[in-house]
Structure formats: C-alpha cells, structure tokens
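All values below come from the heavy atoms of this structure, side chains included, with hydrogens, waters and symmetry mates left out. In listed order, ligands and their atoms are each counted from 1. Numbers here are sequence positions counted from 1.
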Amino acid sequence: MAIIPADISPAVIEATLRTRLIARPLEVVAEIGSTNDAVMGAGRAGRAEGLAILADRQTAGRGRRGRSWASPAGVGLYTSVLLRPQLTPAKMPLLTLVAGLGVAEAVEEIAGVATRLKWPNDVLVEGRKVAGILAEMASVDEQVGHIVIGIGINVNHGPQDLPEELFPAATSLSLVTGSRIPRGELAAAVYNGLDRWYQIFRQRQIEAILAVGRERSATLGRPVDVLADEERWQGLAVDLDADGALLVREESGELRRVVASDVSIRTPAVQGT
Ligand code: BTN
C-alpha cells in the first residue's frame, strides 16, 4: 500500500493552517483517481462546505476541456475543496478567479516568485504555467448545488515529470527557483489564501476581487485567440465583467463576453509581468 510522504502529512500542513472554513476537515491520501471526483462524490453525499482532499498522486487527474493532468507522486500538489456558495452558474468564472487569487498569493509567499493569472484559470510564473484550476459544479434547478475547486500545482517536478507536449508552456516552481519547495507549507498557504478570498466573496466584495484580478491578469491588454466549441476567433482582451467573464473586442469593434472557452495569448508574455 502506498504511504503518505512526510512533507504532506496532515500534521505538517496543519502546523501553518490558519483557515476558518477551508480544509476543515482535511483528508490526505497517498493515491486516488481524481481528487475532484472524490470531492464531487462527497458533495453529493451531503458533506459540509470546506472539506479538502489532497493526494500525493492521482491516477486519473483531469484538466479543463477533457484533458488529463499529469499527477506523479512526490512532486506535485493535487487538491480539491468542496464549496456550497449561493451562486448562479453564470458567476462561475468569478469563483475560479477567487481560487486563482488564493493560489497565486500562496505561490508568491512560499516560493518567492511573482505570479500572474491567465484567464480563466492558469497561474503563470515568468509567463509559463505552474498551476491550473478546475472548477466543477453540480447544479440543481438553475442554481449551483455544490462546487468543487480542483487545484493542481507543479511544485518539485523535474523536466521528466512534465508531459513533453506541455513544453515550453509549462514549468514547475523548483525549475523556476532552483530550490525544493516545501509542499506541506505550500498546501497550507493555498488553503489560507482560498479561505481569505472566499470570505471576501461571501461578503459580496466583488469589486475588490475584480480589481485585484485585473491587476494580476496576464491576459488583459493582450491580443488573444479564443477557441469556443465550434469557432476560433481573435480579438483584444480588454476587461473582466462583473461575473468574472473575459471581455474581448473583435477587430470589427464588437465586444464579446467569453465565459467557458480556451483563450491563448498571441504575443509572448514579457518576463516578470
Ligand atoms: C487545468 O489547468 O486544466 C486545470 C487542472 C486542474 C488539476 C487539478 S489536480 C487536483 C484536481 N483533481 C483533478 O482531477 N484535477 C484537479
């Protein structure tokens, strides 16, 4: 049977956990299919908001748009958190932003590197992806029933741990910093960050969330390619709207709202911005 490594033991994580809600309780497992699937099931079973599951390894880690998320043992952070906000599905991008802000701040605090957010869910360091967020919901009568926020961070991955097709767009914190990052402290900082921003969200301080989201954005002001289900188009990313959706101006001048598409930045990000 696989054993939970000491650096992500519950005791190590709880030593710096300062949350009111998030990761209360926290379940750490050595191996799982997908933490998102496990937390979605826990939500269906009526478990309370705040539950977090963290795994050392996932055998069926999932990314956005049906992609897989490489989740080797010993190097990454793979966790999902159960939330029960009062929310309509249209506001899901806002919750992804809330999670993104928590993760970005945690990475800055523990790894000492500057981060930016690529809409809707990537955390970038030096223009390359170090973390992704997969927000999934169970809806009931047009309302959101419960939400699972899945967070994957490339922490101590060497080049051999990252899928070849992701180079050079993805990297890990240890590849960027040249040092080993303490996964347990990073996990606690992620839960602390998520707890802080989720409280702000629950207090309906939406403008504060959007203001920091705009400031941290790697996407705004950039020419982007938007890949929707059947359509690919281009424009300039100009703003976030009140629901966290991306507003993109087409060459024709038309302003379009992007909610659930893939967006890629057409010009390379400037280092450190
Ligand atoms: C993405 O950028 O495509 C989102 C990646 C999200 C990966 C995390 S790892 C923990 C959680 N469990 C999963 O199966 N996926 C998310």
Side-chain angles (χ1 to χ4, degrees), residues 4 8 13 22-23 26-44 51-83 92-93 95-104 106-107 115-125 127-138 146-157 161-163 165-167 169-173 183-184 186-187 189-191 193-194 217-219 227 244 246 258-265:
I4 298 165
I8 54 163
I13 297 171
I22 305 297
L26 167 66
E27 295 175 5
V28 181
V29 297
E31 189 176 297
I32 205 165
S34 154
T35 55
N36 260 43
D37 293 347
V39 171
M40 186 55 84
R44 255 186 251 113
L51 165 74
I53 298 181
L54 181 139
D56 182 44
R57 170 173 186 249
Q58 294 185 121
T59 53
R62 294 185 291 105
R64 287 182 71 235
R65 301 180 80 81
R67 297 183 195 110
S68 65
W69 183 263
S71 311
V75 291
L77 214 70
Y78 320 114
T79 188
S80 302
V81 176
L82 178 63
L83 299 178
M92 276 293 278
L95 207 60
T96 306
L97 176 58
V98 161
L101 293 174
V103 174
V107 166
T115 58
R116 305 298 298 265
L117 291 177
K118 176 179 165 289
W119 192 94
N121 72 330
D122 293 351
V123 179
L124 308 184
V125 174
R128 298 165 77 188
K129 177 165 174 169
V130 295
I133 293 161
L134 179 63
E136 297 182 304
M137 65 173 176
H146 61 268
I147 286 182
V148 179
I149 301 285
I151 298 164
I153 309 182
N154 301 334
V155 186
N156 292 317
H157 295 54
D161 299 314
L162 293 166
E165 68 274 14
L166 295 185
F167 275 115
T171 188
S172 76
L173 295 175
R183 287 190 301 164
L186 180 60
V190 165
Y191 298 137
L194 191 52
S217 178
T219 311
L227 181 60
L246 185 68
V258 178
V259 180
S261 307
D262 248 6
V263 170
S264 52
I265 300 170

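Qualifying side-chain contact (heavy atoms from CB on, under 4.5 Å) partners for Ser172, counting only residues two or more places apart in sequence or in other chains: Asn154, His157, Ser174, Leu175. In this view, Thr219 satisfies the side-chain hydrogen bond (donor to acceptor under 3.5 Å, both in side chains) rule with no residue, not counting sequence neighbours. Among residues two or more places apart in sequence or in another chain, the side-chain contact (heavy atoms from CB on, under 4.5 Å) test is passed with Asp37 by Ser34, Arg62.
Contact annotation: the side chain of Tyr78 never approaches that of Ile32 to less than 4.5 Å [non-hydrogen atoms, C-beta and beyond]. Contact check for Trp119 versus Val258: side-chain heavy atoms found under the 4.5 Å cut-off.
Glu31 and Thr59 form no side-chain donor-acceptor contact under 3.5 Å, judged by distance and modelled atom types alone.
Residue-level contacts of ligand 1 at the 4.0 Å heavy-atom threshold are Ser34, Thr35, Asn36, Gln58, Gly61, Arg62, Gly63, Arg64, Trp69, Tyr78, Thr79, Ser80, Asn121, Asp122, Lys129, Gly132, Ile133, Leu134, Gly150, Ile151, Gly152.
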